[in-house]
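Read the structure below first, then the notes.
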Amino acid sequence: MTAFAATGRMPDPANTDGLAAHEAALAVDLERLCLPRKPFTAPRTGPDGKPMLDVLVIGAGQFGTGIAAALKLAGIPNFLVIDRAPEGQEGPWVTYARMPTLRSPKHLPGICFGIPALTFPSWCRAAKGDAYYEEMYKIPNQDWQDYILWVRQVLEIPVRNGADAVELLPEADHVGVMLADGEVIFAKRVVVASGRAGTGGYAALAGVSPELGPDRVAHTMHDIDFARLKGKRIAMVGVGSSAFDNAATALEAGAASVDMFARREVLPQLNKGRPSSVLGYLDGWMALPDADKWRLGVYLDLMTGVPPHETVLRCLKLPGMSVHFRTKFLSATPSGDGVRIEVEGGPSGDYDFLIMGTGFRVDLAYEPLFESIFPQILQWQDVYTPPPELERPHLGVQPYVGDAFELMSKGEDPLGRIHLFNTATYMSAGTMAGDVPALDVAPERLVTGLTKKLFAEDFDPIFQTLQDWEEEHELETTPFYEPDFVNKTGR
């Protein structure tokens, strides 16, 4: 993938000692907090005759890493995280996220669980220095990726890269996850933390000819050779943040021009994600009645995010960008070596390349991992009928998940051991599983739900362990010690 060249790498050699001291202090904090907690789950053997995992996490990006960290600290060490990408390439930050910095403020704590030394600001100050952090406007993408990797390393989280999950195989008491090479991993519970790209792929654009290959059209999530676009005329459909990021990257690579087409009249002016990322929204959304969830979800869906001002200004400082509002894209067809764009209300014509800035589709029907179970996944449209003025079919196809983000079945299929933790849970849980502002609380909320379910389903062997326990003979050094009554009530 073509990464944006963001500033900052971890660790800065000049601050290696500072980071080492910080990690030593973190170890002391964890010890004083009695973390990780003592394991409590019961061992189980899988269908392959091998020990079964308690939890398998699919995705080693920011939320997959956060969930894994929460599992370990909560005393559930029998887990594994898998990711199809190589180490350091997980998630979007150094692949298709073509902005120099995150869009979130630098002071957000990150993957921390209330532990100051685990926060991004603490790591950054230790690894890069106080001056670096103070001068930072927003977090450079590479720094954020390095921070996620540091959490993974410092907490010794087991991650298997190059492992591509292709099918979910749920059974009554476990889930099998088939990998692309045919291997099946068995776990009591599976968490799918696959991010925005794992909810059904990119939002397709009707009218784009299938004869246009990757040499003439791409989505913003694709690997784009921007150097090849030097001197070229680019058409961009969409005016969201990623569309502007890609427009800027193309112009910086020497593209002659970028024409952006939008149906809307103007760009959004307010970022409603700021006031709706407070704890009340994060923790309270799932407690709302369905009607209120729907009303809130529709409102925020309509009040789409604003491209950051620095992103827009990044484009405007270079010549060649035009934005055409109140237009309707009609078609894109081959024209010589380029692409013919037909637009209602805008400048139709011949371009060299088309970029689709249409965002991500949220429909598990298009996500290969869920193909075998999708017909049985309960969706919002199956349980709630909104009033006519609030009908939004694209929201109705989102999965209707339980309190622990577990999939629910339309029938008797055992889907409840699959926990979905990505933006497909928006209607059920808001942005809890989707955005950086939720990262300091969301993994812990999910793991609390997993803890309850693991304890309940393995209650008998866990209870037996309690009954068998006799490691500390409390009264052995006193006159009241009666060894014949160890593990007996004495009543």
Side-chain angles (χ1 to χ4, degrees), residues 36 53-74 76-97 102 108-113 118 120 141 144-166 168 175 177 179-180 185 187-199 221 360 364 367 369-370 401 404-407 417-426 429 431-451:
L53 294 168
D54 286 328
V55 182
L56 177 67
V57 181
I58 301 175
Q62 59 184 11
F63 278 100
T65 299
I67 292 162
L71 285 168
K72 182 163 186 175
L73 296 180
I76 309 174
N78 180 29
F79 69 87
L80 176 67
V81 185
I82 61 173
D83 199 292
R84 65 166 67 103
E87 181 175 342
Q89 300 273 325
E90 305 92 346
W93 307 113
V94 296
T95 53
Y96 61 83
L102 273 63
L108 292 178
I111 306 168
C112 67
F113 317 104
L118 276 175
F120 172 81
N141 288 15
W144 186 248
Q145 185 77 6
D146 289 341
Y147 164 69
I148 295 169
L149 286 173
W150 173 76
V151 172
R152 166 175 162 179
Q153 293 159 6
V154 77
L155 295 181
E156 299 179 342
I157 293 170
V159 178
R160 182 172 159 190
N161 288 96
D164 186 8
V166 297
L168 298 168
V175 180
V177 176
L179 305 184
I185 302 175
K188 299 174 188 175
R189 301 270 162 182
V190 169
V191 177
V192 181
S194 49
R196 281 179 167 81
T199 62
M221 70 171 290
F360 293 98
L364 298 186
E367 190 58 40
L369 180 63
F370 297 91
V401 302
F405 295 83
E406 71 272 24
L407 293 179
R417 293 179 176 275
I418 300 169
H419 302 259
L420 188 63
F421 211 72
N422 61 22
T423 51
T425 64
Y426 167 70
T431 59
M432 179 68 87
D435 290 332
V436 173
L439 197 53
D440 62 320
V441 297
E444 198 168 27
R445 301 300 191 269
L446 172 63
V447 170
T448 296
L450 291 172
T451 297

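Not measured: the values here are computed from a predicted model.
Under 4.0 Å is where a charged nitrogen must lie from a carboxylate oxygen, and between Arg160 and Glu87 no such pair does.
Looking at heavy atoms from C-beta onward, Ile148 lies in side-chain contact with Trp93 at the 4.5 angstrom threshold. Residues Ile82 and Val57 form no side-chain contact, since every pair of their non-hydrogen atoms from C-beta on lies 4.5 Å or further apart. Using a 4.5 Å heavy-atom threshold, the side chains of Gln62 and Val436 count as touching. Annotation: side chain of Val191 is in contact with side chain of Leu450 (closest heavy-atom distance under 4.5 Å).
Here the side chain of Arg196 pairs a donor or acceptor atom with the backbone of Gly434 at under 3.5 angstrom. Proximity of a side-chain donor or acceptor of Asp164 to a complementary backbone N or O of Asp83 within less than 3.5 Å is not detected. With hydrogens and angles ignored, the 3.5 Å screen pairs no side-chain donor or acceptor of His419 with any backbone N or O of Val192. The backbone N or O of Ile157 sits nowhere less than 3.5 Å from a side-chain atom of Lys72 that would complete a donor-acceptor pair.
Phe421 and Phe405 have perpendicular rings, their planes meeting at more than 60° on a 0 to 90° scale where under 30° would count as parallel.
A donor-acceptor pair shorter than 3.5 Å cannot be found between the side chains of Thr199 and Asn422. For the residue pair Gln89/Asn161, the side-chain donor-acceptor check at 3.5 Å is not satisfied.
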